[in-house]
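Before any comments, here is the structure.
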Amino acid sequence: MDAFTYSAPTQVIFGQDAVDLIGWHIVKEASSVLLVMGNGSARNNGAYEATTRSLQEAGVDWTEFWGIKPNPSLEQIEAGINIARKSSVGAVLGVGGGSVIDAAKAIAAGFYLDDYWERVESRKAVERSLPVYTVVTLSGTGSEMNGKAVITNEQLQKKWSLGGHCMIPKVTAIDPLYQVQAPWKITAGSGIDAMTHIMENYFRGRIADKRTGYFNEETTLNICEGLLISLINSMHSLQHDPSNYEARANLAWASCLSLNGLTGCGLSGGDWTSHALEHALSGRFPHIPHGEGLAVIFPSWMQQVCAKAPDIFNRFAATVWGQATIQDGIDATRAAFSTWGAPSRLSHWGVTEKDVPHLVENAFAYRDLGRIAPLSKEDVAEIFMRIL
Ligand code: NZQ
Ligand code: ZN
């Protein structure tokens, strides 16, 4: 098992009426907050009303910043930073899905930066940020428990992240009831996203002893498998009954644990190629939802690299899907995504062969790819070509 540091400092308040407490937590650190919102779903599901009531009761002043779009843009972050500075807020509270929460974190960090995008390009961790709080209305990204914000520079077509320990939310409130009316299409993409966070880490697991089949990272691999099975079961239940509270709750909690560092312990940073490719994809085509992009890319990546790490791919097939071969495990993954209604080809969004060279360059612009085994630009082009 590789050495690691694990820290998940977010206080999670989970369950019905959890949001009532958010104001009381914020007021311990700040008397005013920037309330970052999406495009209106929080008004319909009750999260906005519950949040503002809690702020009011705790005596926290707030300034509202609405309109964060899926795959939030640098332009929106800069506008939010300006408002936060003008209002001299002492904290930032995001109420929404991953896009709103990422925007809240980016604004909180940007509050102290001269040039937000310059800092993103520098790849240096952020050391100072306003405290961040979240109320989750869509679970999947895990953003509510980690220190990353993924932002799109639409001009440069780059979807890159900024991160730092200080950007990890202090307190996150999750009331699964706010998610019961989320459309199935959005739920499916989010659940698939959470699964891929685990799998990005999992496939770096190694066999230590071929005779006993015991793995180096047995503990983390078991956690990963347990979370994957929980997510798969929740997804199947929700597809039949989207209002199933228990399934929503399990999906929400498993999503948190999938990307708060836990599933990567001892796995030397995971692989994360599929995420780099998806960010290249939705960086160029910002209308593509992150989870749906991954549903298309991830199985193709599995196909490309499975021969380099057959032991772990075999174990995945057997433990997660009850399948006998690597290929059956990949096919079962693809079939589940498709049963849940996710697209399976990039042509679904009008992406064609002529876009591939740009996508490949864009993906490599941030870093080299392939930690299970190094990937060349030709390998990555093959991953995209297979799913056109
Ligand atoms: O804007 P509103 O009106 O809120 O509507 C949203 C949006 O249209 C809607 N929605 C949210 N909660 C709802 C709801 N609709 C009905 N009922 C509810 N309760 O859902 C739509 C999608 O929301 P969005 O926040 O974009 O989705 P998601 O949570 O999948 O977030 C995607 C973003 O997170 C980034 C992605 O790249 C993408 O930009 N990620 C962030 C990560 C992180 N910070 O750790 C890791 C991930 O891998 C990912 O990259
Ligand atoms: Zn993701």
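We count ligands from 1, going down the list as the structure has it; atoms in each ligand are counted the same way.
Contacts between N45 and ligand 1, counted as non-hydrogen atom pairs separated by less than 4.0 Å, involve the side chain only. Contacts between P183 and ligand 1, counted as non-hydrogen atom pairs separated by less than 4.0 Å, involve the side chain only. Of the heavy atoms in I186, only side-chain atoms (C-beta onward) come closer than 4.0 Å to ligand 1. In I101, neither the side chain nor the backbone holds a heavy atom less than 4.0 Å from any atom of ligand 1. Contact annotation for H197 and ligand 1: only side-chain heavy atoms (C-beta onward) come within less than 4.0 Å of the ligand. When non-hydrogen atoms are compared, ligand 1 lies under 4.0 Å from the side chain of H275 (C-beta onward) but not from its backbone. Contact annotation for D193 and ligand 1: only side-chain heavy atoms (C-beta onward) come within less than 4.0 Å of the ligand. The side chain of N146, and not its backbone, has at least one atom closer than 4.0 Å to an atom of ligand 1 (non-hydrogen atoms only; side chain from C-beta on).
With salt bridges taken as basic N to acidic carboxylate O contacts below 4.0 Å, none links D271 and K308. We find that E217 and R204 are not joined by a salt bridge, their nearest charged nitrogen and carboxylate oxygen being 4.0 Å or further apart. R315 has a carboxylate O that lies under 4.0 Å from a charged side-chain N of E218, or vice versa, which qualifies the two as a salt bridge.
Protein heavy atom at the shortest distance from atom 22 (C) of ligand 1 is L138 CD2, 4.0 Å. Of the protein's non-hydrogen atoms, H290 NE2, 3.3 Å is the one closest to atom 49 (C) of ligand 1. In terms of protein heavy-atom proximity, atom 29 (O) of ligand 1 is nearest to G98 N, 2.7 Å. In terms of protein heavy atoms, atom 25 (O) of ligand 1 is closest to S99 N, 2.9 Å.
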If you apply the rule salt bridge (Lys or Arg N to Asp or Glu O under 4.0 Å), what do you find for E292 with K185, and how did you get there? CA-CA 9 Å; E292 291 187 16; K185 181 178 145 50; 2.5 Å; yes
Take R206 and D2 through the salt bridge (Lys or Arg N to Asp or Glu O under 4.0 Å) test and state the conclusion after the steps. CA-CA 11 Å; R206 295 157 300 182; D2 290 319; 3.6 Å; yes
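Polar contact with ligand 1: present for K148 (N/O pair, distance under 3.5 Å). On a distance-only criterion, Q181 and ligand 1 share no N/O pair closer than 3.5 Å. An N or O contact shorter than 3.5 Å is missing between G142 and ligand 1 by distance.
Outside the 6.0 Å centre-distance limit, the rings of W301 and F384 are not counted as a close aromatic pair.
The closest side-chain heavy-atom distance from V92 to F111 is not below 4.5 Å. Residues I198 and L231 are in side-chain contact: their nearest non-hydrogen atoms beyond the backbone lie under 4.5 Å apart.
Side-chain atoms of N250 and E246 include no donor-acceptor pair closer than 3.5 Å. Between T333 and W321, the side chains place a donor N or O and an acceptor N or O closer than 3.5 Å (distance only, hydrogens not considered).
Side chain of R119 to backbone of A125: a donor-acceptor contact under 3.5 angstrom is found. At distances below 3.5 Å, not a single donor-acceptor pair connects side-chain atoms of T152 with backbone N or O atoms of E154. Here the side chain of D241 pairs no donor or acceptor atom with the backbone of S237 at under 3.5 angstrom.
Ligand 1 has at least one atom lying under 4.0 Å from a heavy atom of P72. Residue-ligand proximity: G291 is placed with every non-hydrogen atom at 4.0 Å or more from ligand 1.
Close contacts between ligand 1 and N71 involve ligand atoms 38 (C), 39 (O) [criterion: under 4.0 Å to a heavy atom]. Near S143, meaning under 4.0 Å from any of its heavy atoms, are these atoms of ligand 1: 43 (C), 44 (N), 45 (O). Of all atoms in ligand 1, listed by their number and element, those nearer than 4.0 Å to a heavy atom of H279 are 37 (O), 50 (O). For ligand 1, the atoms sitting less than 4.0 Å from at least one non-hydrogen atom of T137 are 11 (C), 12 (N), 13 (C), 18 (C), 19 (N), numbered in the order shown with element in parentheses. Within ligand 1, counting atoms from 1 as listed, the ones closer than 4.0 Å to a heavy atom of L259 are 45 (O), 46 (C). Listed by number with element, the atoms of ligand 1 under 4.0 Å from a non-hydrogen atom of P70 are 7 (C), 8 (O), 26 (O).
Cluster note: L177 groups with V180, Y245 through ILVMFWY side-chain heavy atoms spaced under 4.5 Å, whether in direct contact or through intervening members. Applying the 4.5 Å side-chain rule to ILVMFWY residues, one finds L259 in the same cluster as W272.
Annotation for Q16: atom CD counts as buried by contact number, over 12 foreign heavy atoms lying within 6.0 Å. Enclosure of atom CD in Q327 by more than 12 non-hydrogen atoms of other residues, nucleotides or ligands within 6.0 angstrom is indicated.
Counting just the N/O/S atoms of D193, the one with the shortest distance to the Zn ion (ligand 2) is named OD1.
Comparing E144, K159, E200, K185 against atom 37 (O) of ligand 1, the shortest heavy-atom distance belongs to K159. Taking only non-hydrogen atoms, the option from T187, V150, T141 nearest to atom 34 (O) of ligand 1 is T141. Remark: among candidates G38, S161, A106, S41, the nearest residue to atom 4 (O) of ligand 1 is S41, based on non-hydrogen atoms. Looking at N39, D102, V180, it is D102 that brings a heavy atom closest to atom 42 (C) of ligand 1.
In summary, E278 places no N/O/S atom under 2.8 Å from the Zn ion (ligand 2), failing the contact criterion.
At the Zn ion (ligand 2), the angle from NE2 in H197 to NE2 in H290 is 170° when rounded to 10°.
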